[in-house]
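Residue numbers start from 1 in every chain, and the chains themselves are labelled A, B, ... in the order their sequence lines are given, proteins ahead of strands.
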There are 2 protein chains.
Amino acid sequence: MEISSTEENYLKAIYALQSSGDKPGVSTSSLSEHLNNKAASVTDMLKRLSDKKLIHYKKYKAVSLTKQGEKLAIAIVRKHRLWEVFLMEKLNFKWDEVHDMAEQLEHIKSDELIERLDAFLGQPKYDPHGDPIPNAKGVLPKPKTSALSNIQNKGHYIFVGVNEHHVDFLRHLTSIGLKIGDQIKIEEHNSYDGSYLIRINKKPGQYISHKVASNLLIEMKS
Amino acid sequence: MEISSTEENYLKAIYALQSSGDKPGVSTSSLSEHLNNKAASVTDMLKRLSDKKLIHYKKYKAVSLTKQGEKLAIAIVRKHRLWEVFLMEKLNFKWDEVHDMAEQLEHIKSDELIERLDAFLGQPKYDPHGDPIPNAKGVLPKPKTSALSNIQNKGHYIFVGVNEHHVDFLRHLTSIGLKIGDQIKIEEHNSYDGSYLIRINKKPGQYISHKVASNLLIEMKS
DNA sequence: AAATAAATTTAGGCTGGTCTAAAAATGATT
DNA sequence: AATCATTTTTAGACCAGCCTAAATTTATTT
Ligand SMILES: [Mn+2]
Ligand SMILES: [Mn+2]
Ligand SMILES: [Mn+2]
Ligand SMILES: [Mn+2]
């Protein structure tokens with residue numbers, strides 16, 4: 001069964017929304033917003049994906065991926081993230097530059113290609129944004145990370161990923177000298193506005209807004 | 001101006017046909033054959049490419065690329081060949097395996113990506129089939145090669161490329177132990193059927209049919 | 001339980017890219 | 001020069017993927 005790039009993007013969007021959201025199932029309107037398409041167009045595509053048995057679809061109900069649909073969605077995520085690693089590790093792009101190219105590369109069709117790319121890159125477990133890379137069987141390393149904003153205690157942590165992938169946010173992190181793998185020491189937490197005073201790799205103190213903190217993923221220093 | 005992958009494939013086909021053929025200009029029927037599309041579909045697309053000023057098109061006349069069209073066609077050829085080098089040099093694919101993947105990769109849109117890929121690969125001048133790779137400005141190293149079938153004299157030559165890219169032909173060469181860069185010594189030329197007796201890298205004699213010889217590109221041993 | 005608001009689907013239309021069948025133009029043959 | 005064959009274009013249709021506007025269903029208020 002042939003699957004178009006457009007269909008792949010819908011599957012990926014459904015997968016992303018259903019894993020980010022709390023309740024199971026994804027609404028037409030959330031897909032419409034996520035994909036920058038009108039709701040009517042989404043309904044159209046949902047019927048096609050349903051015909052191909054890639055999603056569970058009942059009129060007016062939230063949709064979800066079938067086993068096959070999820071398998072495909074995860075395969076696309078795997079490709080996207082591996083290509084991002086390639087672009088950064090091999091071609092020296094910055095972490096805020098890789099997304100748009102990966103958005104195209106993820107649709108290249110060849111299982112052999114992606115397995116060889118994986119081997120070439122040394123089977124990385126995480127992409128440049130700290131997102132986990134599913135293995136060839138579709139298994140994701142489930143990370144035990146937390147958003148910085150969920151933590152009030154002072155202490156030492158490691159910055160391992162971002163929740164937000166927009167260029168502006170990534171550039172902001174770069175501008176304050178924060179990159180994946182850095183040590184973060186929480187020195188102060190202001191409970192009235194949720195902001196933090198932190199130290200990055202023992203450098204002078206740095207204020208972080210609640211909004212930024214909510215998009216930083218950290219783990220305990222081991 | 002946006003150019004679709006389909007349009008890019010047409011431009012590439014026109015470029016290939018106009019450089020292979022003797023007379024200038026490309027016919028609707030030759031494009032139809034090359035692209036496995038019906039002539040009516042080709043006419044349709046020719047009008048669109050003409051509207052975009054990528055080709056010179058007059059009803060019932062052979063078409064040719066404009067300056068802009070040729071620039072784009074060469075850029076696609078560059079991308080195709082650089083990706084083929086990547087697949088072979090970095091991902092260890094065989095020379096008969098790379099074409100279909102490159103056919104997809106050539107349409108990835110990012111000038112920066114292709115320049116970095118070029119640098120990563122060490123600015124190769126030829127692809128795995130011996131085809132010249134245009135530089136970033138679109139200039140092709142014009143090679144002074146000849147088909148083996150054009151040569152009758154005994155002597156020493158170097159195998160530098162192929163005229164035919166089909167998998168079966170490439171596998172045949174691999175099976176007789178012939179690869180790019182090998183030394184070829186012409187020991188005998190049979191003028192009645194155009195076949196050859198050659199030695200590859202000084203190994204025992206090997207018969208080569210006229211058909212095969214016409215698809216082998218060689219140059220004088222320097 | 002009605003009324004209103006919001007989400008979703010249907011209906012109809014458009015573009016890109018393909019097709020088949022028929023018409024028109026060009027080229028070759030007598 | 002007229003006829004026949006080949007090539008090319010036109011006409012009309014279809015599918016994927018999008019849109020707007022209108023109809024329908026579901027959710028929220030009162
Ligand atoms: Mn995509
Ligand atoms: Mn990423
Ligand atoms: Mn192509
Ligand atoms: Mn090649």
Side-chain angles (χ1 to χ4, degrees), chain A residues 1-14 17-18 21-65 69 72-73 76 103-104 106-107 109, chain B residues 1-14 17-18 21-65 69 72-73 76 103-104 106-107 109:
Chain A
M1 185 180 36
E2 295 287 288
I3 292 172
S4 69
S5 297
T6 309
E7 290 170 327
E8 290 187 342
N9 283 339
Y10 272 85
L11 292 177
K12 198 171 61 134
I14 295 167
L17 291 171
Q18 94 179 1
D22 33 353
K23 52 202 69 149
V26 175
S27 69
T28 301
S29 54
S30 64
L31 278 168
S32 165
E33 193 179 1
H34 190 85
L35 293 162
N36 284 309
N37 277 346
K38 297 297 169 182
S41 312
V42 173
T43 301
D44 228 70
M45 179 59 86
L46 292 181
K47 285 183 197 158
R48 277 196 293 266
L49 292 174
S50 180
D51 289 346
K52 291 189 173 184
K53 312 253 189 251
L54 299 173
I55 62 172
H56 300 291
Y57 175 66
K58 289 259 159 58
K59 268 190 197 177
Y60 296 101
K61 296 284 175 61
V63 300
S64 59
L65 295 169
L72 287 170
I76 299 155
E103 204 59 50
Q104 300 178 62
E106 71 188 1
H107 301 294
K109 280 170 182 55
Chain B
M1 185 181 37
E2 296 288 289
I3 292 172
S4 70
S5 297
T6 310
E7 289 170 327
E8 290 187 342
N9 284 338
Y10 272 85
L11 293 176
K12 198 172 59 136
I14 295 167
L17 291 172
Q18 96 181 358
D22 32 355
K23 52 201 71 151
V26 175
S27 68
T28 301
S29 55
S30 64
L31 278 168
S32 165
E33 194 180 1
H34 191 84
L35 294 162
N36 285 309
N37 278 346
K38 298 297 169 182
S41 312
V42 173
T43 300
D44 228 72
M45 178 58 86
L46 292 181
K47 286 183 196 158
R48 278 196 292 265
L49 293 173
S50 180
D51 289 347
K52 292 190 172 182
K53 312 254 186 249
L54 298 174
I55 62 172
H56 300 292
Y57 175 65
K58 289 260 159 56
K59 268 190 197 178
Y60 297 101
K61 295 286 175 58
V63 301
S64 59
L65 295 169
L72 287 171
I76 299 156
E103 205 58 49
Q104 300 178 63
E106 72 189 0
H107 301 293
K109 279 170 182 57

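Taking atom NZ of B:Lys23 as the reference point, atom P of C:dG27 lies 12 Å away to the nearest angstrom. Taking atom CG on B:Asn9 and atom C1' on C:dT18, their separation rounds to 14 Å, with Å as the unit. Separating the CG atom of B:Leu11 from the P atom of C:dG17 is a distance of 11 Å, rounded to the nearest angstrom. When the C1' atom of C:dG17 is taken as reference, atom CG of B:Leu31 falls 15 Å away, rounded to whole Å. The distance from atom CG of B:Asp51 to atom C1' of C:dT15 is 13 Å, rounded to the nearest whole Å. Atom CD of B:Glu33 is separated from atom P of D:dT6 by 15 Å (rounded to the nearest Å). Distance, A:Met45 CE to D:dA16 C1': 8 Å, rounded to whole Å. Remark: P of C:dT18 and CG of B:Leu49 are 11 Å apart, rounded to the nearest angstrom.
In summary, B:Lys12 and B:Glu103 engage in a salt bridge, as defined by a charged side-chain N under 4.0 Å from a carboxylate O.
More than 12 heavy atoms of other residues, nucleotides or ligands lie within 6.0 Å of NZ in B:Lys109, so this atom counts as buried by the packing criterion.
With DNA chain D read from its 5' end, the first of the two nearest nucleotides for A:Thr6 and B:Lys59 is the one closest to B:Lys59. Summary of the strand contacts: A:Arg48 and B:Tyr57 both lie near DNA chain D, and taking for each the nucleotide with the nearest heavy atom, the more 5' one is attributed to B:Tyr57.
Here the side chain of B:Gln18 pairs no donor or acceptor atom with the backbone of B:Ser64 at under 3.5 angstrom. Without hydrogens or angle criteria, A:Ser50 side chain to A:His56 main chain gives no donor-acceptor distance under 3.5 Å. A donor-acceptor pair under 3.5 Å is absent between the side-chain atoms of B:Lys47 and the main chain of B:Tyr57, judged by distance alone.
Put simply, A:Tyr10 has a side-chain N or O that comes within less than 4.0 Å of OP1 or OP2 on D:dC18. In this model, the phosphate group of D:dT10 is not approached by any side-chain N or O of B:Thr43 to a distance below 4.0 Å at OP1 or OP2. For D:dG17, the OP1/OP2 oxygens have a side-chain nitrogen or oxygen of A:Ser4 closer than 4.0 Å. Listed pair B:Ser29 / D:dT8 meets the phosphate criterion, a side-chain N or O lying under 4.0 Å from OP1 or OP2.
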Close N or O pairs between protein and nucleotides 19-25 of chain D (under 3.5 Å):
from   : atom 1 : to      : atom 2 : distance (Å)
D:dC19 : OP2    : A:Lys38 : N      : 2.9
D:dC19 : OP2    : A:Ser41 : OG     : 2.5
D:dT25 : O4'    : A:Tyr60 : OH     : 3.4

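Backbone-only contact: A:Lys47 has heavy atoms under 4.0 Å from sugar-phosphate atoms and none from a base.
Using a 4.5 Å heavy-atom threshold, the side chains of B:Lys52 and B:Met1 count as touching. In this structure, B:Asn37 and B:Tyr10 have side chains that are in contact, with non-hydrogen atoms separated by less than 4.5 Å.
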